[in-house]
Amino acid sequence: MTEHHPTESAGDGAYKWFALFVVVIGTFMVMLDSSIVNIAIPKMMSVFGADLDSVKWILTGYTLAMGAIVPITGFLSDTIGIKKLFMFALSIFTIGSFLCGFAWSNNVMIVFRVIQAIGGGAIMPVGMSYIMQIFPLHERGKALGFWGIASMAAPAIGPTLGGYIIQAMDWRFIFYVNVPIGIFGVLFASILLKEPPLKPYKGNFDFIGFFSSVIGIVSLLYVLGEADNIDWGNIKFPLLIALGCFSMLIFVVNELMHPDPLLELRVFKIYDFSLSQLITTITMLALMGGMYVLPLFLQNLRGYTAMETGLILFPSAIASGLMMPVSGAIFDRFGAKVVTIPGLLIVAYATYKMSLFNMDTPAATITFIATIRGLGLGLSMMPVNTAAMNAVPRHLYPKATALSTTVRSITQAMAITFMTTIISTKSNFNYARLAEQITPFNHTATYATNLLQGVFMSSGLSQGDAQVSAFSTLGQLIYGQSYLDAMNYAIAVTVPAVFIAVVLVLMMRPKKATTKNKPNTSLEGEKAAHEPEAGFAGFME
């Protein structure tokens with residue numbers, strides 16, 4: 001193994017940390033762009049004269065393109081090299097960002113966003129794979145902890161930065177801001193990164209796997225993205241679901257039979273890797289409670305602007321970022337359980353407190369609870385993923401990271417759909433339950449209606465108009481309370497999911513003795529730590 005992976009020796013000293021810095025730049029840009037563009041959607045609707053159904057494709061097209069490109073990153077990493085692929089992906093993302101800033105219509109913006117996503121979809125799995133290759137086993141937790149800062153901090157910084165740019169500058173700078181960072185990132189990558197040995201291409205590219213994965217993932221992600229307003233009377237959606245499921249079935253069968261599959265599904269035979277994907281799927285629900293539902297509560301119900309919401313949530317992102325390297329260092333020394341379980345318990349407690357938020361909860365309290373939750377997420381998110389990748393044989397890193405990123409992307413879309421469906425269904429149910437109590441026989445409802453009617457009459461409205469306005473205002477109050485209760489319910493649902501994740505973490509295998517005491521930085525030590533997986537790799541081949 002030594003002669004085939006000289007990057008390991010190159011990873012000694014300062015080189016690996018400079019390389020990590022380059023990878024973090026690319027990851028931060030992609031994650032920041034995913035959140036910052038959301039803030040500019042109303043502005044783009046006004047500039048392009050587009051309705052919401054048209055402009056949402058600026059977001060949907062980006063997501064679909066990213067989902068389609070991720071599965072092929074493992075093959076490209078092996079064939080053209082991680083360094084070249086990372087530089088190419090970062091260049092495409094930067095060029096796409098520059099073009100988005102020049103977009104003159106909604107359709108053109110969608111095309112440019114797809115170009116941007118082709119680069120963005122490859123950066124994260126390629127970056128993680130490179131980190132796994134240049135860092136020895138006993139330092140990977142810390143390294144992935146620093147890498148995780150970008151994935152946790154960028155989504156919280158995005159709304160704040162985007163709100164400031166839109167208020168104080170031209171909205172197009174939300175794209176232009178990526179250009180100088182991307183140029184420096186490509187230059188640093190060309191100077192600092194080193195190319196690991198390539199896997200010779202034998203002309204057996206998995207075309208069936210590629211096309212079936214693209215069709216399946218794009219079809220299912222599209223339906224999931226439309227889940228909150230699907231018209232099941234439209235034949236398009238059932239057909240897309242059937243096409244997506246059939247394509248994924250072909251994909252799975254093909255990957256298990258192909259000699260060099262696009263995604264090595266047999267990696268799921270590795271116990272810790274499979275368990276990690278299941279834990280990630282469950283904890284993604286809890287993550288969405290803060291990243292998706294809480295901003296809706298702050299903006300739609302409390303009336304905060306996007307920038308104000310970003311400022312409220314910013315301390316939680318800082319807390320997550322600070323705890324990521326700490327959790328990585330603890331993981332390197334003691335393993336995943338010691339750091340992940342306390343982190344998940346903190347997340348469960350803070351999430352429960354979030355489910356009790358109401359219209360009178362002070363902003364300082366919201367910030368405090370979100371920050372506590374950020375500390376828990378910083379402790380619990382990366383160690384499980386690191387333990388999973390440590391269990392994977394070295395030559396499967398590119399395909400394992402591509403597989404893990406694909407699972408994470410689909411899980412995130414499913415989690416958002418799940419939360420949206422719960423909020424929509426529960427708010428409708430709550431509204432019907434509360435509205436049926438507004439009757440002449442309900443003294444509280446009658447008193448509130450008469451009081452509102454008196455207020456409107458005192459402002460100059462006639463008795464009839466005042467009564468209509470009173471009922472309309474009462475309906476808005478009822479809807480607001482129904483929406484708030486639905487959000488609290490959706491957040492509360494994620495608490496049991498966190499406890500299920502705790503049980504699954506307890507089922508993970510204990511940390512190997514090779515790194516428990518004195519770190520063994522040699523290749524022989526890492527090979528010994530991977531002895532069972534190496535045998536499994538031989539079996540797969």
Side-chain angles (χ1 to χ4, degrees), residues 5-34 36 65-66 69-70 72-101 115-136 139-140 142-151 153-154 157 175-199 321 324-325 389 394 397-402 404-405:
H5 294 281
T7 51
E8 186 69 30
S9 60
D12 296 336
Y15 160 72
K16 57 180 178 283
W17 297 105
F18 284 119
L20 175 62
F21 172 72
V22 175
V23 172
V24 167
I25 289 177
T27 304
F28 184 83
M29 285 177 57
V30 174
M31 297 302 297
L32 181 67
D33 188 81
S34 299
I36 199 173
M66 284 191 71
I69 199 66
V70 168
I72 200 175
T73 56
F75 168 80
L76 294 177
S77 297
D78 290 336
T79 306
I80 68 175
I82 290 181
K83 176 180 178 178
K84 292 187 182 68
L85 180 58
F86 184 83
M87 291 176 59
F88 175 77
L90 194 54
S91 300
I92 293 297
F93 183 83
T94 304
I95 293 171
S97 299
F98 182 75
L99 292 175
C100 287
I115 295 174
Q116 190 185 35
I118 291 174
I123 287 175
M124 290 192 65
V126 172
M128 178 182 287
S129 176
Y130 196 79
I131 292 172
M132 295 298 296
Q133 293 199 31
I134 64 175
F135 278 88
E139 289 185 334
R140 287 178 187 163
K142 187 187 300 182
L144 288 176
F146 280 107
W147 179 77
I149 293 176
S151 62
I157 295 174
F175 297 108
Y176 291 148
V177 72
N178 292 328
V179 176
I181 301 175
I183 292 173
F184 281 115
V186 173
L187 292 176
F188 287 148
S190 64
I191 297 170
L192 296 176
L193 300 188
K194 299 180 181 180
E195 190 71 86
L198 303 182
K199 181 179 179 181
M324 284 263 183
M389 295 306 300
R394 179 184 300 279
Y397 285 159
K399 291 189 176 180
T401 52
S404 178
T405 305

If you compare all heavy atoms of Y130 against all heavy atoms of A19, which two are closest, and at what distance to 0.1 Å? CE2-CB, 3.9 Å

Which atom names give the shortest non-hydrogen contact between L20 and I131, and what distance separates them? CD1-CD1, 3.5 Å

To check you understand the geometry: which heavy-atom pair defines the closest contact between G119 and I92, and what is its length? N-CG2, 3.7 Å

Distance check, rounded to the nearest 0.5 Å: I95 atom CD1 versus I115 atom CD1? 9.0 Å

Calculate, to the nearest 0.5 Å, the distance between atoms CD1 and CD1 belonging to I118 and I69 respectively. 6.0 Å

Are more than 12 heavy atoms from other residues, nucleotides or ligands located less than 6.0 Å from atom CZ of F98? no

Nearest heavy-atom pair of A189 and K83: which atoms, and what distance? O-CE, 3.4 Å

Is F93 close to I123 at the side-chain level, that is, under 4.5 Å between some pair of heavy atoms? yes

Distance (rounded to the nearest 0.5 Å) between F88 CZ and I80 CD1: 7.5 Å

In this structure, NZ of K84 is separated from CG of L76 (nearest 0.5 Å) by 12.5 Å

Atom CZ of F86 and atom CG of L90: how far apart are they, to the nearest 0.5 Å? 5.5 Å

Between the OG1 atom in T27 and the CG atom in L32, the distance rounded to the nearest 0.5 Å is 12.0 Å

Listed partners of F188 passing ring pair (Phe, Tyr, Trp, His ring centres under 6.0 Å), at least two apart: none

Closest non-hydrogen atom pair, M87 against S190: CE-CB, 3.5 Å

Shortest non-hydrogen contact from V186 to S91? CG2-OG, 3.5 Å

Heavy atoms, side chains only, cut-off 4.5 Å: are M29 and T94 in contact? yes

